[in-house]
2 protein chains.
Amino acid sequence: MSEKTYHHGDLKNALIRAGIEILTQEGIGGLSLRKAARKAGVSHAAPYAHFADKQALIAAIASDGHRRIHERLAAALAEHSDDPTRLLLGAAWAYIRFGLEFPSHYKVTFSGTLENEHSHPEFVDYSQRNIRLLQDIVEQCRAAGILQTEGIDSENQAVNLWGQVHGLVSLVVQGQLPGRLLGDESIKGIFIAGLRQMVLVPIDEKMLAE
Amino acid sequence: MSEKTYHHGDLKNALIRAGIEILTQEGIGGLSLRKAARKAGVSHAAPYAHFADKQALIAAIASDGHRRIHERLAAALAEHSDDPTRLLLGAAWAYIRFGLEFPSHYKVTFSGTLENEHSHPEFVDYSQRNIRLLQDIVEQCRAAGILQTEGIDSENQAVNLWGQVHGLVSLVVQGQLPGRLLGDESIKGIFIAGLRQMVLVPIDEKMLAE
DNA sequence: ATACAATCTTTACAATGTCAAGTTTTGCAC
DNA sequence: GTGCAAAACTTGACATTGTAAAGATTGTAT
């Protein structure tokens, strides 16, 4: 691992990891190509062999965020394939927890830092993979009668549910809520209130693991 | 206006305006203190008489975003003080339109660019002013029976409604939705579906003035 | 083995954020 | 008004950064 070969071997991923680390420790403002290169033990221009520019590294980090979210959603889908209510709640809660655990990574994935999302096909792919997965979940819930089906198709509904959860996570992560609402209990309460409005069945707070 | 005095006279606001212009034309990446200074016709270090650092200018721009949103919400409140349904829809729609009209300004106000929101008291003030205004609106709607009151207090409900609308605007503005959903009609449809879920009364699409 | 492509280093440059020191102006005490 | 301190700006400097160009090193296909 610490051998000093001319060729790094896995620089691209090393740079992504380094970038995420910087992000987590210093926030978005601390992220620079040169710093990531330093952290990976290569010269400051080495990244250009793998990323066209800084935005490309950011796009890779943002894509990684989507990938991690996808992992969590897929895990929820696997775990609760029998109970649609728990499935929907589990998925939402997994999503929320990712945002609260890794706020900087969440921000890069969803907010502002990446400038031209649509010119990074990799990012678009990962993003759409999540939409499709969510739409699957929504369709299971519609079939099971825990989501309204009248007047709204499943894609539109998926986007709306995503928007609702994403909006709350965003507000919290972006420090837009008054400090008084930022306690763990308070935040959980807000999310539960939101989740209750999403589904047609009553929700027990205990359904949210962890 | 174009007199060349040593003292600019209104540099602070000129810099904010210049910053917003740059933002609108070139996106967040194009925004720099020096460029704003150039645009305002002063030397590159002049901004430091009014802003501690770049983040402070960004905070001012973000605060201005909140101020403009507040204006629109207040206008909706004044216009529909008699009809709570139209009030809620008008406010939501005004908010949405700001985001769609000025995506870059919206992003700066809500997303990532500003690093330490809570160390900019001006920003916090403007933000909370909006929450309070929204809570007022919510309370009127609760009293009129068009919003559910059971199991949720008005502050929590205000945050949830805000989150829902903000989340959708965010997804659109951040290019997270598949291109197919980004047409004007499609977007309007998504928002209407969202708004329908918010209130207890049926919504006519025509209630959303353009 | 040789050539080619990928990977990485070195060097260089312009733009930027920010600081320090100096200059001009304003506003206010007298 | 006179004088003067504070505020508003300019100039000059420096470190950091993104990025391009040219060269060095290594892997790989033939």
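Note on naming: letters A, B, ... go to the chains in the order of the sequence lines (proteins, then strands), and numbering restarts at 1 for each one. Because only heavy atoms are used, hydrogens play no part in the values below, and waters and symmetry mates are left out as well, while side chains stay in.
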Nearest-0.5 Å distance that lies between atom CD in A:Gln148 and atom SG in A:Cys141: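 That separation rounds to 13.5 Å.
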Approximate separation, where rounding is to 0.5 Å, of B:Leu134 CG and B:Gln128 CD: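 The distance works out to 13.0 Å.
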For the side chain of [X], starting at C-beta, report the closest nucleotide among [options].
X       : options                : answer
B:Asp53 : D:dT17, C:dT18, C:dT9  : C:dT18
B:Ser32 : C:dG17, D:dT11, C:dC8  : C:dG17
B:Val42 : D:dT10, C:dT16, D:dT19 : D:dT10
A:Arg34 : D:dT17, D:dA20, C:dT18 : D:dT17
B:Lys54 : C:dT7, C:dG17, D:dG18  : C:dG17
B:Ala45 : C:dT16, D:dT11, D:dT19 : D:dT11

Sugar-phosphate, base or nothing in reach of A:Ser43, heavy atoms under 4.0 Å: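 The answer is base, as A:Ser43 lies within the cut-off (heavy atoms under 4.0 Å) of a base atom.
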Touch class at under 4.0 angstrom, heavy-atom based, for A:Gly9 against every strand present: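 Sugar-phosphate: the residue A:Gly9, judged by heavy atoms under 4.0 Å, touches backbone atoms but no base.
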Rounded to whole angstrom units, what separation is found between the [atom1] atom of [X] and the [atom2] atom of [N]?
X       : N      : atom1 : atom2 : answer
A:Glu26 : D:dT16 : CD    : C1'   : 13 Å
B:Phe51 : D:dA7  : CZ    : C1'   : 15 Å
B:Lys12 : D:dC9  : NZ    : P     : 12 Å
A:Tyr48 : C:dC8  : OH    : P     : 15 Å
A:Ile58 : D:dT17 : CD1   : C1'   : 13 Å
B:Leu33 : C:dT16 : CG    : P     : 10 Å
B:Leu11 : C:dT25 : CG    : P     : 16 Å
B:Leu31 : C:dT16 : CG    : P     : 10 Å

Expected output: side-chain A:Thr113 to main-chain A:Ser111 donor-acceptor under 3.5 Å: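 Judged by distance alone, yes, a pair lies under 3.5 Å.
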Donor-acceptor contact below 3.5 Å, side chain A:Lys12 vs main chain A:Phe51: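 No: the side chain of A:Lys12 does not pair with the backbone of A:Phe51.
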Phosphate contact (D:dA7 OP1 or OP2) by B:His50 side-chain N/O below 4.0 Å: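 Result: no.
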Distance below 4.0 Å between A:Arg38 side-chain N/O and D:dT17 OP1 or OP2: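 Looking at the OP1 and OP2 atoms of D:dT17, one of them is under 4.0 Å from a side-chain N or O of A:Arg38.
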Residue that, paired with A:His66, satisfies ring-ring contact (aromatic ring centres under 6.0 Å, His included) out of A:Tyr95, A:Tyr126, A:Phe110: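 Of all the options given, the one that passes is A:Phe110.
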Side chain A:His44 and base D:dT16 donor-acceptor under 3.5 Å: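 No, the side chain and the base share no sub-3.5 Å donor-acceptor pair.
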